[in-house]
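Right, one structure below, let's go through it.
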Number of protein chains: 2
Amino acid sequence: MMFAMSPTGSRRKRSKGDLTSQAILDTAERLLETKSLDEIAVDELTSGAGISRSTFYFHFESREAVLYALSERVVEGLYDNAALWLRRGSEPPEDSIRRAIAGTVSLWRAHGPVLRAAVRARDTSELVRGFWSGVARRFIDSTATQIEIERDAGVAVPGPPTARSLATVLVSMNETMCYSLSLSRKSAARDREVVDTLTAVWLRSVYGVSR
Amino acid sequence: MMFAMSPTGSRRKRSKGDLTSQAILDTAERLLETKSLDEIAVDELTSGAGISRSTFYFHFESREAVLYALSERVVEGLYDNAALWLRRGSEPPEDSIRRAIAGTVSLWRAHGPVLRAAVRARDTSELVRGFWSGVARRFIDSTATQIEIERDAGVAVPGPPTARSLATVLVSMNETMCYSLSLSRKSAARDREVVDTLTAVWLRSVYGVSR
DNA sequence: TGTTGAATCGACACAGTGTCGAATAATTTC
DNA sequence: GAAATTATTCGACACTGTGTCGATTCAACA
């Protein structure tokens with residue numbers, strides 16, 4: 001049960017159970033656009049997928065497990081994004097940071113409901129907490145490493161605060177802003193404003209740049 | 001029903017109902033140290049207060065209403081704290097900002113469970129959302145005003161970003177860090193580290209200071 | 001002391017959860 | 001391709017919790 005995902009457009013035969021699981025996941029993702037996870041009843045998930053309520057428990061252990069599976073659809077994008085953090089060639093820091101932040105914002109725009117539910121479930125579900133702390137650590141580690149490199153090169157403002165401590169604050173700040181941004185109606189202008197503001201805070205905090 | 005609080009140590013006669021309401025609130029505050037609001041069942045609240053479950057609904061409309069009442073116990077402290085933001089005499093910005101941030105941190109240390117529950121319920125309950133957005137606006141307004149003053153005086157880095165936009169990000173950042181800090185075991189060292197880091201980010205973002 | 005409103009209670013109807021064993025569909029094995 | 005095995009589905013059940021009602025008790029006071 002619960003195989004790793006087959007290549008997206010594959011014509012490998014999919015067992016009936018896989019189809020049902022997918023239908024449940026699709027329904028969940030759709031419902032999360034409207035309600036929070038604990039407002040969604042199991043029979044809303046299953047009637048959306050055309051099966052009876054008790055069948056749900058054959059496919060998933062709990063509502064949180066659905067969310068966990070849903071999160072994995074997004075996780076690669078998140079990881080790709082984290083990787084962008086490290087890489088900085090000869091371009092100025094501002095471009096590199098803005099690009100990374102803009103990437104995160106658009107990722108939240110695309111998957112807001114799932115990401116918000118995951119953040120909320122962090123406090124509730126052990127499974128989701130573990131998942132999310134892995135994601136966060138990856139971002140924080142990348143950032144801290146990068147800060148240290150820039151400090152060693154004499155480009156960034158030296159500590160204190162610790163590179164890691166600074167990285168933690170900045171990454172959390174991004175998450176919080178993306179969360180609340182994804183709650184508001186999509187607006188390119190507003191998105192740009194948030195990206196600009198976050199970029200400015202990052203630049204000034206790390207490099208001490210004052211233009 | 002639901003009178004404004006009587007002066008704390010008052011010997012005005014308190015009706016029996018008031019005592020029961022208080023008992024419910026006390027129980028709720030105690031339980032919130034362990035569980036989240038929606039993990040707390042109504043009969044845990046009432047058995048803690050020595051009354052039957054249905055009596056609860058005579059005193060409060062819902063669990064959220066209890067949280068709202070609980071929040072009001074904390075709100076003055078929160079508002080006092082916001083007031084500190086504006087006032088800055090001849091002392092250097094660093095002292096003023098550090099003092100304000102340290103105040104917020106210790107407030108979250110004192111009332112962490114209630115404040116965390118309120119933040120979480122923001123997404124769920126209209127009542128709590130309104131309450132909290134009022135608190136947030138107060139902080140943001142104070143901060144934005146102060147930033148503008150400092151910019152006009154030529155001390156702070158000019159925009160963009162807008163004073164208000166910058167203030168929003170910085171205040172949210174503080175809230176997020178206080179939330180997660182209040183989840184960890186109390187540690188003076190850790191508290192100081194967080195205060196230092198937040199202070200550094202505020203200073204660099206607003207004043208561009210790089211020491 | 002009798003009237004009134006505040007406070008409490010138990011009983012009820014309702015929503016949703018998670019588990020079980022039996023029934024059915026799909027796949028494998030011989 | 002029939003039998004055996006495994007995957008999937010279902011309805012029924014026992015539970016836990018919610019919110020509402022009308023009946024009852026309590027306390028104040030005219």
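Chain naming here is simple, since letters A, B, ... match the order of the sequence lines and numbering starts at 1 in each.
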Open item on the list: Under a 3.5 Å distance rule, please check whether A:S125 uses its side chain to pair with a backbone N or O of A:L127 as donor and acceptor.
Closed with: yes
Open item on the list: Using a 3.5 Å distance criterion without hydrogens, assess whether the side chain of A:R120 forms a donor-acceptor pair with backbone atoms of B:R120.
Closed with: yes
Task: Any B:S54 side-chain N or O less than 4.0 Å from OP1/OP2 of D:dC21 - done: no
- [ ] Based on the glycosidic angle (syn within 90° of 0, else anti), state the conformation of C:dA15.
- [x] syn
Task: Residues A:T176 and B:S172: side-chain donor-acceptor under 3.5 angstrom - done: no
Task: Atom-to-atom span, CZ of A:F60 to C1' of C:dG18 - whole angstrom - done: 16 Å
Open item on the list: Rounding to an integer number of Å, can you tell me how far B:E44 CD sits from D:dT16 C1'?
Closed with: 12 Å
Task: Whether B:S205 side chain and B:W202 backbone form a donor-acceptor pair below 3.5 Å - done: no
Task: For atom CG of A:D38 and atom P of D:dG17, their distance in whole Å - done: 16 Å
Open item on the list: With a cut-off of less than 4.0 Å, is there a side-chain N or O of B:T55 near OP1 or OP2 of C:dT8?
Closed with: no
Task: Among D:dT9, D:dT18, C:dT17, the nucleotide that comes nearest once only the side chain of A:V42 is considered - done: C:dT17
TODO: Report the base-pairing partner of D:dT16 (Watson-Crick or G-U wobble, both distances below 3.5 angstrom), or none.
DONE: none
Open item on the list: Using a strict threshold of under 4.0 Å (side-chain N to carboxylate O), is an ion pair present between A:E175 and A:R122?
Closed with: yes
Open item on the list: Measure CZ/B:R53 against P/C:dG10 and give the value in whole Å, please.
Closed with: 12 Å
Task: Between D:dT25 (C1') and B:I51 (CD1): distance, integer Å - done: 15 Å
Open item on the list: Expressed as a whole number of angstroms, how long is the span from B:F58:CZ to D:dG22:C1'?
Closed with: 15 Å
TODO: Round to the nearest Å and state the distance from A:L45 atom CG to C:dG18 atom P.
DONE: 12 Å
Task: Nucleotide paired to C:dT3 in any strand shown, Watson-Crick or G-U, under 3.5 Å - done: D:dA28
- [ ] Taking only the side-chain nitrogens and oxygens of B:H59, find out if one of them lies under 4.0 Å from OP1 or OP2 of C:dA6.
- [x] no
TODO: Figure out the CZ/P separation between B:F56 and D:dG17, and round it to whole Å.
DONE: 15 Å
TODO: Decide yes or no, distance alone: a donor-acceptor N/O pair under 3.5 angstrom between the base of C:dG16 and the side-chain of A:R63.
DONE: no
